[in-house]
Amino acid sequence: METIRQSLDYVAAHKHDYVGIEHILLVLTAPDTDIAVAKHSDLAVSCARVRELVNKQITSGNGDGSTNVPQTPQAKQLLVNSIHIAKALGHLGVNPEHMFLAFLDLESEPMVQLISDDAMVDVNTMRRQLTSASELDKYTLPFPPGIDW
């Protein structure tokens with residue numbers, strides 16, 4: 001997926017040896033790409049603020065900048081959940097909105113709590129906004145072949 005490929009840029013920049021939800025979230029909230037929920041100006045939470053909060057939480061690691069790194073269990077769960085969400089909505093593939101919805105479903109994760117608390121926005125409000133977005137299918141990527149989700 002393009003989102004994961006782009007998250008590797010953040011992994012390398014921060015010298016991490018893993019792909020975490022924070023890297024994926026930075027891609028999803030990037031202002032200069034179509035592979036982002038930032039295109040939804042009506043979101044109850046500012047993508048710029050989300051990026052600011054995420055960047056405050058990230059520290060530099062000791063990795064070598066390699067792009068051949070594993071995903072954390074949380075990142076894997078986010079990706080699996082995004083596929084389930086897309087299917088539940090009757091969509092033919094996964095797009096950034098599905099991934100952001102999957103991120104919001106990780107409510108016990110400190111990053112989700114931080115964003116929800118800081119924005120003083122109910123997670124359910126953000127979910128409703130994303131699921132009712134008129135462009136939800138515009139950037140749909142096909143499901144990976146050969147995998148029974």
Side-chain angles (χ1 to χ4, degrees), residues 1-40 43-89 91 93-131 133 136 139-149:
M1 284 191 206
E2 184 65 16
T3 304
I4 299 303
R5 189 193 63 71
Q6 287 187 12
S7 70
L8 294 173
D9 294 338
Y10 293 105
V11 168
H14 291 97
K15 297 183 179 179
H16 291 161
D17 55 1
Y18 63 91
V19 175
I21 59 173
E22 62 273 24
H23 305 111
I24 296 170
L25 193 56
L26 287 171
V27 173
L28 294 177
T29 57
D32 56 350
T33 179
D34 285 339
I35 303 177
V37 295
K39 64 183 173 279
H40 296 292
L43 278 182
V45 63
S46 159
C47 286
R49 181 63 180 152
V50 169
R51 290 178 64 78
E52 181 182 331
L53 291 169
V54 171
N55 279 315
K56 282 183 181 179
Q57 296 298 311
I58 295 178
T59 57
S60 290
N62 295 323
D64 60 6
S66 171
T67 57
N68 187 19
V69 294
Q71 298 167 357
T72 63
Q74 296 84 355
K76 287 179 184 179
Q77 189 63 52
L78 184 149
L79 297 174
V80 169
N81 288 355
S82 66
I83 292 170
H84 292 301
I85 288 168
K87 287 193 171 199
L89 292 171
H91 298 152
V94 175
N95 66 31
E97 289 82 359
H98 299 121
M99 291 180 155
F100 199 82
L101 285 166
F103 170 75
L104 295 175
D105 285 345
L106 300 173
E107 291 180 38
S108 64
E109 284 298 314
M111 191 72 65
V112 178
Q113 292 175 352
L114 175 72
I115 290 167
S116 179
D117 291 347
D118 180 83
M120 293 189 301
V121 174
D122 179 52
V123 171
N124 289 323
T125 300
M126 287 189 274
R127 279 191 192 103
R128 279 192 303 278
Q129 288 176 322
L130 285 169
T131 55
L136 200 57
Y139 299 102
T140 300
L141 302 170
F143 293 116
I147 300 175
D148 183 20
W149 300 95

Which heavy atom in [X] sits nearest to a heavy atom in [Y], and how many Å separate them?
X      : Y     : result
Ala75  : Val19 : CB-O, 3.5 Å
Leu106 : Gln77 : CD2-CG, 4.2 Å
Tyr10  : Arg51 : OH-NH2, 3.3 Å
Phe100 : Leu28 : N-CD1, 3.9 Å
Gly93  : Ala86 : O-CB, 3.2 Å
Thr72  : Tyr18 : CG2-CD1, 3.5 Å

Between [atom1] of [X] and [atom2] of [Y], what distance do you get to the nearest 0.5 Å?
X     : Y     : atom1 : atom2 : value
Ser82 : Glu97 : OG    : CD    : 11.5 Å
His14 : Ile58 : NE2   : CD1   : 4.5 Å
Met99 : Ser7  : CE    : OG    : 8.5 Å

Side chain to side chain, [X] and [Y], heavy atoms closer than 4.5 Å:
X      : Y      : value
Val94  : Ile85  : no
Glu109 : Gln74  : yes
Asn81  : Leu101 : no
Asn62  : Asp17  : no
Ile24  : Phe103 : no
Val54  : Thr29  : no

Strictly distance-based, threshold 3.5 Å: is any side-chain N or O of His16 a donor or acceptor partner for the main-chain N or O of Thr59?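 Yes; at least one donor-acceptor contact below 3.5 Å.
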
